[in-house]
Amino acid sequence: RSQGGDIFLDLKFHDIPATVAASAKAVAKMGIRMFNVHTLGGLEMMKAAVGALREKDSRPWILGVTVLTSLQEQELAEELKISLPLEEQVLHLAKLAKSAGLDGVVASAREVSRLKEMLGGDFKVVTPGIRPLWAASQDQKRVVTPKDAFALCSDFIVIGRPITGAEDIKEAACRIISEITN
């Protein structure tokens, strides 16, 4: 931040409403651009986060994590006992986030088009699970390339290990920028 960058605090708050509200207040004091909460914490929890920052003139954006990009439909159904198809679950949670007053969601780029169509172009979508053509998907399962993520209308993309795990971080970032712009 001291070098002019914006910060996305990716802590995925998921607790009782009062605890999440207190966390939101603490985060807002840090001067970050955006942070996230888990939408599965429920409507009241998300409303508490928004309500805790209602009086702030320049509050950070609050995003709701929908379904982790490391999960697929089979895991939702078998392990988590979520009966909705994956895309419908993401849409349901995103609608809940919007009704709570959140600024957007974190979702796979594969779902962005439908989210924008249903919730409006101003509802922000941050997309993790982004892997350049040359990177392994690792534990990410619903992945797209950086170029495809922007073509699908992602507002922001999250690229972690292809950069942070690279021997030459600057070279990895430059390769990704080149992949996006070519």
Side-chain angles (χ1 to χ4, degrees), residues 8-21 23-24 27 34-50 61-165 176:
F8 168 31
L9 188 62
D10 186 20
L11 294 180
K12 302 173 183 76
F13 295 125
H14 186 174
D15 210 318
I16 63 172
T19 300
V20 171
S23 297
V27 163
M34 59 183 129
F35 72 95
N36 56 19
V37 300
H38 262 291
T39 54
L40 286 173
L43 184 63
E44 292 307 312
M45 183 204 74
M46 290 186 282
K47 283 182 176 180
V50 172
W61 295 337
I62 306 172
L63 307 169
V65 175
T66 57
V67 176
L68 299 173
T69 53
S70 61
L71 295 173
Q72 294 180 317
E73 195 144 351
Q74 181 178 352
E75 292 155 318
L76 283 183
E78 293 175 10
E79 293 175 22
L80 301 176
K81 302 299 183 198
I82 293 173
S83 59
L84 286 176
L86 191 144
E87 188 175 305
E88 293 304 315
Q89 179 69 10
V90 169
L91 186 58
H92 167 71
L93 293 171
K95 286 178 181 177
L96 199 62
K98 186 166 184 171
S99 71
L102 270 60
D103 301 288
V105 292
V106 178
S108 168
R110 294 178 181 186
E111 290 114 26
V112 174
S113 296
R114 184 130 185 250
L115 289 169
K116 294 284 187 177
E117 177 186 316
M118 300 297 291
L119 301 171
D122 60 332
F123 193 66
K124 295 164 190 56
V125 183
V126 174
T127 56
I130 305 301
R131 292 294 184 262
L133 293 170
W134 46 267
S137 62
Q138 296 162 315
D139 58 348
Q140 298 287 347
K141 295 179 182 163
R142 295 179 0 259
V143 299
V144 301
T145 67
K147 187 171 190 164
D148 288 345
F150 285 124
L152 292 165
C153 298
S154 295
D155 294 298
F156 298 91
I157 61 174
V158 178
I159 305 174
R161 288 169 283 179
I163 295 175
T164 62
I176 291 167

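In what follows, residues are counted from 1 in the order of the sequence shown. Note: hydrogens, waters and symmetry copies are ignored here, and every other heavy atom, side chains too, is used. As the structure is a computational prediction, the values presented were derived from the model and not from experiment.
- When atom types are taken as modelled, the side chain of Ser154 and the backbone of Val126 share no donor-acceptor pair closer than 3.5 angstrom.
- Under the rule for a side-chain contact (heavy atoms from CB on, under 4.5 Å), the partners of Ser113 that lie at least two apart in sequence or sit in another chain are Leu152.
- Using a 4.5 Å heavy-atom threshold, the side chains of Pro146 and Ile159 count as touching.
- The line from CG of Leu96 to CG of Leu43 is 5.0 Å long, rounded to the nearest 0.5 Å.
- Listed by chain and number, the residues in a ring-ring contact (aromatic ring centres under 6.0 Å, His included) with Phe35 are Phe13 (sequence neighbours excluded).
- Side-chain contact check for Ile62 versus Met34: every heavy-atom pair is 4.5 Å or farther apart.
- Tested against Thr66, the residues Leu40, Leu86, Val90 include a single side-chain contact (heavy atoms from CB on, under 4.5 Å) partner, Val90.
- Interatomic distance, Lys95 NZ to Thr39 OG1, rounded to the nearest 0.5 Å: 14.0 Å.
- Residues meeting the salt bridge (Lys or Arg N to Asp or Glu O under 4.0 Å) test with Glu88, sequence neighbours left out: Arg114.
- Contact annotation: the side chain of Pro128 approaches that of Val106 to within less than 4.5 Å [non-hydrogen atoms, C-beta and beyond].
- Phe150 pairs by the side-chain contact (heavy atoms from CB on, under 4.5 Å) definition with Ile157, Ile180, not counting sequence neighbours.
- With Glu78 contributing its side chain and Glu75 its backbone, the two residues share no donor-acceptor pair below 3.5 Å.
- In this structure, the side-chain contact (heavy atoms from CB on, under 4.5 Å) partners of Arg131, at least two apart in sequence or on a different chain, are Ala135, Gln138, Gln140, Val143, Arg161, Pro162.
- Each salt bridge (charged side-chain N to carboxylate O under 4.0 Å, His left out) pair with one or both residues in residues 96-110, not counting sequence neighbours, appears once here: Arg59-Asp103.
- For Phe123, there are no ring-ring contact (aromatic ring centres under 6.0 Å, His included) partners, not counting sequence neighbours.
- Once rounded to the nearest 0.5 Å, the distance linking CD of Glu73 with CD1 of Ile82 reads 10.5 Å.
- Contact check for Leu102 versus Trp61: no side-chain heavy atoms found under the 4.5 Å cut-off.
- Listed by first and then second residue, the side-chain hydrogen bond (donor to acceptor under 3.5 Å, both in side chains) pairs that reach into residues 115-125 are Lys116-Asp155, sequence neighbours excluded.
- For the ring-ring contact (aromatic ring centres under 6.0 Å, His included) test, residues two or more places apart in sequence or in another chain that qualify with His14 are His38.
- In this structure, CG on Asn36 lies 6.5 Å from CG on Leu63, to the nearest 0.5 angstrom.
- Among residues two or more places apart in sequence or in another chain, the side-chain contact (heavy atoms from CB on, under 4.5 Å) test is passed with Ala21 by Ala48, Ala52.
- A donor-acceptor distance shorter than 3.5 angstrom exists from the side chain of Ser23 to the backbone of Thr19, with no hydrogens or angles considered.
- For Ser108, there are no side chain to side chain donor-acceptor pair (under 3.5 Å) partners at least two apart in sequence or on another chain.
- At least one side-chain heavy atom of Ile130 sits under 4.5 Å from a side-chain heavy atom of Val144.
- A distance of 6.0 Å separates CG of Leu119 from CG of Leu91, quoted to the nearest 0.5 Å.
- Among residues two or more places apart in sequence or in another chain, the salt bridge (Lys or Arg N to Asp or Glu O under 4.0 Å) test is passed with Asp10 by Lys12.
- The distance from atom OG1 of Thr145 to atom CD1 of Ile176, rounded to the nearest 0.5 Å, is 10.5 Å.
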